[in-house]
**Student:** 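I'd like to ask you about the structure that follows.
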Number of protein chains: 2
Amino acid sequence: MGTTQLEAAPEPKYWHLKTTLTEALDNEFEVGQILPNERDLAARYGVARATLRQALEQLELEGRLQRRRGIGTTVAPPRVGVDVSPAHDRWPGAPGDDWQIDGSERVEVPAAVARLLGRAVGCPAHLIRRTRRAHGQPVATEELYLPAAPTGAETARAALGALHRRELQGQERTVELGSARAEDARRLDRLPGSPVLLVTTRYLADDGPAAASVATYRADTCRLTFGDTGAMELLAS
Amino acid sequence: MGTTQLEAAPEPKYWHLKTTLTEALDNEFEVGQILPNERDLAARYGVARATLRQALEQLELEGRLQRRRGIGTTVAPPRVGVDVSPAHDRWPGAPGDDWQIDGSERVEVPAAVARLLGRAVGCPAHLIRRTRRAHGQPVATEELYLPAAPTGAETARAALGALHRRELQGQERTVELGSARAEDARRLDRLPGSPVLLVTTRYLADDGPAAASVATYRADTCRLTFGDTGAMELLAS
DNA sequence: GAGTGGTCTAGACCACTAT
DNA sequence: TAGTGGTCTAGACCACTCT
């Protein structure tokens, strides 16, 4: 019958519903608790399932809910703080970081990475794929590009080792919103298209860019932290 | 008639559609160009309007499209890089920054801010509302909290001036995904609930937290940049 | 008033997880 | 096999902007 839309609502239903649910989450639910299923919830609030889902989607975006197909909708724990400051992460693969190498291959760098590295498109490089975990859950995947030596004989691990022996000049990072590619989604245990935070890093040595990476962080579960007190303390000493 | 879902598609229609549209945007459209309206596009690709919209929503999330009610859907320019590194933004309101003060009021700090400032909930503070612009467009709104002097007589502007005369110890920043509150959405010329990047900053003086702010950046148009070469260069000198 | 994107409905089937 | 969230449809009305 279409909708009736009486009540002269300047405020959309899903928006009001989201507010209602937020309050319910704050007051009546515990972290990890399973909510009623979508059909029941929609009936309870007198809206169509699609409208309810619009509210749930926003709450998931805000990190309040976690939805899993075949399981149900649960109340999400607070987001995990993930340190992405240069102090924590001086060179990629430095001992003690919480990244785990999944594999590597030799590639020709794509255009976007070539720009970051200040090299020609298609120049040879090692591509190292890594996963970052926090509290046992995967929170990020990364593609790390290391320009290959002219001989082309070294392994990815050797290239990483060589990197650690160099002088660090700085890092440049950008953060933007994206949606998970199919493969990243699989590694992060999410659906393709889920919102993610794209962290692009350019590692600088004294003679220019020495490495570049694109990391994909789960936006629903992560809060990126940039603590700059470390650098400031170095300045003061 | 419901859907028919033949073709045994492991890949959702909206996902495939998004890929198709991405290629079209790369090859056949110019920045600023207006796309056909949603009903026509849906018909052209043989899908329901809701399915088309699911694809458009993702493209908007990725910053490829801009949709405006009553106008149409246009091809978005590349995201603007917005510097949020400490080097750029040493103290809030430092001369030369691109923030503009919209107003201020005296408030009692809410719980989340009290935690950041290391003070009691409800302690008095100046709340300064600011807007940041890039290329003429608003890209962020901010609520900046400055603890009030014990006497309580100073103005917000005086409190800001006092801040600038203090020694900077460091900053702590976090970035996470959120959705725009009604008022922020209005200031940013977006709809309520639009995806935004929430940047929380704690400004540290030698005797502890001296200010705290929560900034709301448009996620569709902004790429946050953290260039750390500045601090590194200082270290070297 | 015409045209656009935004909201909403009622109902269907699909993919996945558990039992 | 039953139950969940994910996808999809066809159609309606609303809020907004432009002419």
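Letters go in sequence order (proteins before strands), and every chain restarts at 1.
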**Student:** Rounded to whole Å, how long is the line connecting atom CG of A:L52 with atom P of D:dT7?
**Tutor:**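 About 15 Å, once rounded to whole Å.
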**Student:** For A:R53 and D:dG6, is the shortest distance between a side-chain N/O and OP1 or OP2 below 4.0 Å?
**Tutor:**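 Answer yes for this pair, as a side-chain N or O of A:R53 is under 4.0 Å from OP1 or OP2.
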**Student:** Going by the rule salt bridge (charged side-chain N to carboxylate O under 4.0 Å, His left out), which residues pair with A:R39 if we only count those two or more places apart in sequence or in a different chain?
**Tutor:**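 If we apply the salt bridge (charged side-chain N to carboxylate O under 4.0 Å, His left out) test to A:R39, skipping adjacent residues, there are no hits.
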**Student:** Considering residues at least two apart in sequence or located in another chain, which fulfil the side chain to side chain contact (heavy atoms under 4.5 Å, CB included) criterion with B:R133?
**Tutor:**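 B:R133: side chain to side chain contact (heavy atoms under 4.5 Å, CB included) contacts with B:Q100, B:P138.
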**Student:** Taking side chain to side chain donor-acceptor pair (under 3.5 Å) as the test, write out the residues that go with B:E183, two or more places apart.
**Tutor:**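 B:E183: side chain to side chain donor-acceptor pair (under 3.5 Å) contacts with B:R187.
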**Student:** For DNA chain D, which residues of residues 177-197 of chain A approach it to below 4.0 angstrom with any heavy atom?
**Tutor:**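 Listed by number, they are A:L191.
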**Student:** Under a 4.0 Å heavy-atom cut-off, which of residues 30-46 of chain B touch DNA chain C?
**Tutor:**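 Output list: B:N37, B:E38, B:R39.
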**Student:** Quick one: side chain to side chain contact (heavy atoms under 4.5 Å, CB included) partners of B:I71, sequence neighbours excluded?
**Tutor:**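 Side chain to side chain contact (heavy atoms under 4.5 Å, CB included) list for B:I71, sorted by chain: B:R68.
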**Student:** I want to check one thing: is the phosphate of D:dT9, taken as OP1 and OP2, less than 4.0 Å away from some side-chain N or O of B:T51?
**Tutor:**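 For B:T51, the contact criterion (side-chain N or O under 4.0 Å from OP1 or OP2 of D:dT9) is met.
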**Student:** Whole angstroms only, please: what is the CG-C1' distance between B:L17 and D:dT7?
**Tutor:**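 Answer to the nearest Å: 13 Å.
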**Student:** Answer yes or no: does a side-chain N or O of B:Y14 lie under 4.0 Å from OP1 or OP2 of D:dC8?
**Tutor:**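 B:Y14 to D:dC8 OP1/OP2: no side-chain N or O under 4.0 Å.
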**Student:** What integer distance in Å separates B:R49:CZ from C:dA10:C1'?
**Tutor:**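 Answer to the nearest Å: 17 Å.
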**Student:** Please output the side-chain donor-acceptor pairs of residues 25-32 of chain B that fall under 3.5 Å, not counting sequence neighbours, one pair per line with the distance.
**Tutor:**
residue: B:D26; atom: OD1; partner: B:R64; partner atom: NH1; Å: 3.3
residue: B:D26; atom: OD1; partner: B:R64; partner atom: NH2; Å: 2.8
residue: B:N27; atom: ND2; partner: B:E23; partner atom: O; Å: 3.0

**Student:** List the atom of B:L177, the atom of B:P195, and the distance in Å for their closest heavy-atom pair.
**Tutor:**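 Heavy-atom minimum between the residues: CD1-CB, 4.3 Å.
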**Student:** Taking both distances under 3.5 Å as the test for a Watson-Crick or G-U pair, what stems of at least three pairs does DNA chain C have?
**Tutor:**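 Stems (3+ consecutive pairs) listed as C:1-18 with D:1-18.
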**Student:** For B:S213, give me all partners under side chain to side chain donor-acceptor pair (under 3.5 Å), at least two apart in sequence or on another chain.
**Tutor:**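 If we apply the side chain to side chain donor-acceptor pair (under 3.5 Å) test to B:S213, skipping adjacent residues, the hits are B:E142.
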**Student:** Partners of A:R79 by side chain to side chain donor-acceptor pair (under 3.5 Å), sequence neighbours excluded?
**Tutor:**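 Once residues adjacent in sequence are excluded, the partners of A:R79 under the side chain to side chain donor-acceptor pair (under 3.5 Å) criterion are B:E176.
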**Student:** Tell me every residue that passes salt bridge (charged side-chain N to carboxylate O under 4.0 Å, His left out) with A:R53, counting only those two or more places apart in sequence or in another chain.
**Tutor:**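 With sequence neighbours excluded, A:R53 shows a salt bridge (charged side-chain N to carboxylate O under 4.0 Å, His left out) to A:E38, A:E57, given in chain and number order.
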**Student:** Which atom pair, heavy atoms only, marks the closest approach of B:W99 to B:T141?
**Tutor:**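 For B:W99 and B:T141, the tightest heavy-atom pair comes out as CZ3-C, 4.3 Å.
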**Student:** Rounding to a whole Å, what distance do you find between B:K13:NZ and D:dA10:C1'?
**Tutor:**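 Value for this atom pair: 13 Å.
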**Student:** Pull out every residue in residues 61-78 of chain A that has a heavy atom closer than 4.0 Å to any atom of DNA chain C, ordered by number, or say none.
**Tutor:**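 Going residue by residue through residues 61-78 of chain A, the ones with a heavy atom under 4.0 Å of DNA chain C turn out to be A:R69, A:G70, A:I71.
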**Student:** Does the distance from a Lys or Arg side-chain N to an Asp or Glu carboxylate O, for A:E60 and A:R190, drop under 4.0 Å?
**Tutor:**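 Counted as a salt bridge, because a side-chain N and a carboxylate O are separated by less than 4.0 Å.
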**Student:** Would you kindly say whether A:R173 and A:T201 are connected by a side-chain donor-acceptor distance under 3.5 Å?
**Tutor:**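 Looking only at side-chain atoms, A:T201 and A:R173 do form a donor-acceptor pair, the distance falling under 3.5 Å.
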**Student:** Is it the case that A:E62 and B:S179 place a side-chain donor and acceptor less than 3.5 Å from each other?
**Tutor:**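 Yes - a donor-acceptor pair under 3.5 Å links their side chains.
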